[in-house]
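Nothing here was measured: the structure is a model prediction, and the numbers come from that model. These numbers come from the heavy atoms of this one structure, side chains and all, not from hydrogens, waters or symmetry mates.
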Amino acid sequence: MNDVYAHTPRANGQEWHRLDEHLVSVAEMAQSFAAPFQGGRVAYLCGLLHDLGKFHPLFQQYLKKQADGEMGQSVPHAIWGAALMYQVYWKKTGNRHAWQWFSLPIAGHHVGLHSSHYLSSTLGQSLKEQHLHFREVLKQAESFLKKFVFPCMQSVENISSLSETDREMWIRLIFSALVDADYLDTERHFQPELSPLRTPVASITDLWNQFTADQEQLTSRTDDTAVNRMRREVYEECVRSASRPQGVYRLTVPTGGGKTRSSLAFALKHAVEHGLDRVIVAIPYTSIIEQTADVYRGIFGNDAVLEHHSQIEVDDEKEEADERLIQQRLAAENWDAPLIVTTTVQLFDSLFSNRPSKVRKLHNLSRSVVILDEVQTLPTELLKPTLDALAMLVRHCQTTVVLSSATQPFFEESRFLDVFSEIEVKEMLPLPTVNRHFQQMQRVDYEIWKSPVSLPQLVRFIREQKQLLVVFNTRKEAKECVELLQEDDGVFHLSTLLCSAHRRRILEEVRERLKKNQPVRLISTQVVEAGVDLDFPIVMRQMGPLDRIVQAAGRCNREGKMDKGNVIIFETEDMPSPRGSYRTATETARFLLAQRHPDDLHDPNIFREYFRRLFASVDVDSKNIQKDRETLDYPLVAEKYRLIDQDTVSVIVPYEEASEYLRMWESSPSRYSFRRLQPYMVQLYRFEAEKKEKDGWLREVADNVYEWLGDYDERIGIKEEVYDPLSLIG
């Protein structure tokens, strides 16, 4: 057994990676990763068997040829450990479930989780057609199997009490533990210098101590205003709640009430109290995530905060010079860090993925506090599988979930979300306190225009105002409004057709004009609604989902410097009707507002009725994902579960230094040069990009990355008409 290997020697090295040592090491790590969700023994056996096929002499010959620099044909190895457990638990004992716990993770640890039906068919065929290969593997591995594997088979966990969808997620978490352990042990062989860099730079206790010190400084230098007194009360209630048992918590705070800091205070203290490993903050919009991560870095420093989403890559050109960057890249691979800031897309697309690189991090959701910021933005058509997965993490993985919003959905009260009905949602703040805070924070008066207006009528009203924000549902109508105002002074525009660098510059100028009381009329899409720090005396919001209206209102009289700001809800003639659940949510809001007084928008309980009606009107599992989960069809679930429903591509626009950075990236592609390009990108649907490429407006520079060859306007961005991917949350 000493002459059987898992991997060739590392570069310029003589030491081979022994197979028995690799299997035992992976098994032990996987067992520790899976212990929090009662999967330790199953994960241990998966680790022992994941590379069982490497015992075959043909695979050993392949490794030796590789080591000698010769070309050799690889031999499949993941199949035989899966085949052994299939034969033991299905063919011999007739247990139609237990084989899946082992065989699915083992067979997929390189290529991804298969469907149970496909794998059963494949294993049956392999055992029939290649039984001689299987016998040879078992013969060569006999002593290893007798010493390590067979004694463990009688002591695996019994998970028969799990529901079918819980079992589906449990197997995915076992897969995560196996993949991460395999990657880590392989890395330890080939790059042993990286292992010490995987140690987190700070513990949860360190972060909590830093946070409390920062909070004391903040409190000492803030004015004793009504808003700040409310923020302190929210903070203190959250800290008090942190000692309560693990589970699901709801944090309901009016816009501007300090929920970003208070939710983090709860999470850190709760993690310390319960001996948890990390805090994961999931945010719906990349426009907010950068702002939140900057706040956290201001408290904890750069090293302690892992920002992980589609817009962030680690600078690989600087790896040798900067250990901090290497640590961030390593932590991003498996979320082994105490504080992670990510997007809901990254979190949930990974949670339902079947790919090893995405699923690798999932076992670290156990023993964590997960904050879902602006939780009402979760897509309604995916709510049932989403909430079912969260409930499983809470029930079985020692995970605490925080539902944070000013506009709470109250999932557990909907009969259409029965997967969440048995979950006790604990209020972080007592409801009387919540109601009092919303009354205290009545900084605006709502006005609903009774009749639709034409766009020219709306423009005439806008011209009469010195400072206001207008939020449209679609880029098309916002753009038409801006074009009608293009000769006016102080008109600005925000949409996702402007790159983020451009949007940041516009926001800086808008804030400066607001501060100096200069004319500023900002015409925007929904990109401005959540988390963008603006303070207008007047906000106009086109009729849309009720939570979006209230979020837009949070940009009005934000600091309470006026007695009351003015929020106007309007409709336009021939208003474009967004598709899908957005349209249903808009209709639900229109119906509710017709029955209620505008002042009711100050009552947080209006969202109980709104979301109850909405969840009854929308199919909360429109793609029938739950049925596919029950049959363990992992590839189909991954294909169906997508928070951004249609494929989008990145388009580099000619703004500021974008063209220069593009040439640098094309001449020397790297993570570092690509990261410099990202502030100059917009997202378009793939089908739209393909059409624009044919028409000569786009040049493909890499997979899913294009250069815009048309005009890029200082006010409206991309000038060619394109479709509107509503609510991109990447």
Side-chain angles (χ1 to χ4, degrees), residues 112-113 169 172-173 175-176 179-180 183 260 263-264 267 277-294 296-297 305-314 328-366 368-379 382-383 385-387 389-390 393 397 399 401-404 496 500 530-531 625 637-650 671 674-675 678 681 683 704 725 727-730:
L113 286 166
M169 186 57 66
R172 190 184 274 106
L173 291 168
F175 177 63
S176 167
V179 168
D180 195 27
Y183 284 10
T260 298
S263 61
L264 182 61
D277 299 326
R278 65 189 50 79
V279 172
I280 300 166
V281 184
I283 298 173
Y285 306 105
T286 51
S287 58
I288 312 175
I289 194 173
E290 294 163 357
Q291 177 179 299
T292 302
D294 285 344
Y296 292 167
R297 290 192 190 98
V305 182
L306 172 62
E307 185 181 354
H308 187 215
H309 55 91
S310 60
Q311 298 299 311
I312 290 294
E313 293 285 351
V314 175
Q328 289 187 341
R329 174 176 62 77
L330 296 175
E333 292 168 353
N334 64 353
W335 282 7
D336 189 8
L339 178 57
I340 296 154
V341 186
T342 188
T343 57
T344 48
V345 168
Q346 180 74 238
L347 173 62
F348 288 107
D349 280 359
S350 295
L351 196 55
F352 289 92
S353 178
N354 70 322
R355 306 303 301 167
S357 59
K358 280 196 169 187
V359 177
R360 177 182 180 182
K361 65 177 82 75
L362 293 187
H363 70 88
N364 277 327
L365 294 177
S366 63
S368 297
V369 182
V370 178
I371 300 173
L372 297 179
D373 191 38
E374 304 297 352
V375 66
Q376 79 284 350
T377 61
L378 291 175
L382 295 174
L383 271 181
T386 300
L387 296 178
L390 289 174
L393 293 175
C397 301
T399 305
V401 173
V402 177
L403 310 176
S404 179
T496 51
S500 62
I625 291 172
V637 169
E639 180 185 332
K640 287 183 175 182
Y641 189 98
R642 306 181 67 180
L643 264 65
I644 299 177
D645 193 39
Q646 297 191 46
D647 278 347
T648 59
V649 298
S650 297
R671 288 193 189 96
F674 187 71
R675 186 180 184 184
Q678 287 176 327
M681 293 180 180
Q683 300 296 312
N704 302 320
S727 303
L728 287 182
I729 45 179

CA sep, side-chain torsions, deciding dist, call: Phe348, Leu382, side chain to side chain contact (heavy atoms under 4.5 Å, CB included): CA-CA 10 Å; Phe348 288 107; Leu382 295 174; over 6 Å; no
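- Note that CG of Asp336 is 13.5 Å distant from NZ of Lys361, once rounded to the nearest 0.5 Å.
- The salt bridge (charged side-chain N to carboxylate O under 4.0 Å, His left out) test applied to Asp277 returns Arg367, not counting sequence neighbours.
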Residues Val637, Asn354; criterion side chain to side chain contact (heavy atoms under 4.5 Å, CB included); working and verdict: CA-CA 8 Å; Val637 169; Asn354 70 322; over 6 Å; no
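- The two residues Pro356 and Tyr183 have their closest heavy-atom pair at CB-OH, 3.5 Å.
- Remark: the backbone N or O of Leu347 is not paired with any side-chain donor or acceptor of Thr342 at under 3.5 angstrom.
- For the atom pair CG (Asp373) and OG1 (Thr343), the distance works out to 12.0 Å, reported to the nearest 0.5 Å.
- Taking the side chain as every heavy atom from C-beta outward, Leu390 and Leu372 approach each other to under 4.5 Å.
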Residues Leu365, Trp335; criterion side chain to side chain contact (heavy atoms under 4.5 Å, CB included); working and verdict: CA-CA 9 Å; Leu365 294 177; Trp335 282 7; 4.0 Å; yes
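- Every ring-ring contact (aromatic ring centres under 6.0 Å, His included) that Tyr641 has, sequence neighbours left out, goes to Phe352.
- Of all the heavy atoms in Val370 and Thr399, the pair that sits closest is CG2-CG2, 3.9 Å.
- To the nearest 0.5 Å, atom CG of residue Leu393 and atom OG of residue Ser366 are 8.5 Å apart.
- For the pair Ser176 (side chain) and Val359 (backbone), a donor-acceptor distance under 3.5 Å is present.
- Contact check for Val281 versus Tyr296: side-chain heavy atoms found under the 4.5 Å cut-off.
- When all heavy atoms are compared, the tightest approach of Thr377 to Pro284 is OG1-CB, 3.2 Å.
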Full working for side chain to side chain contact (heavy atoms under 4.5 Å, CB included) between Leu264 and Leu339: CA-CA 10 Å; Leu264 182 61; Leu339 178 57; 4.0 Å; yes
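- Atom OG1 in Thr344 sits 12.0 Å away from atom CG in Leu351 (nearest 0.5 Å).
- Residues Ser353 and Ala638 approach most closely at CA-CB, 4.0 Å, considering heavy atoms.
- Heavy-atom minimum distance, Asn334 versus Asn364: O-ND2, 2.6 Å.
- Atom-to-atom distance recorded for Arg355:CZ and Arg360:CZ is 15.0 Å, nearest 0.5 angstrom.
- Ser368 pairs by the side-chain contact (heavy atoms from CB on, under 4.5 Å) definition with Arg278, Ile280, not counting sequence neighbours.
- A distance of 9.0 Å separates CD of Gln683 from OG1 of Thr496, quoted to the nearest 0.5 Å.
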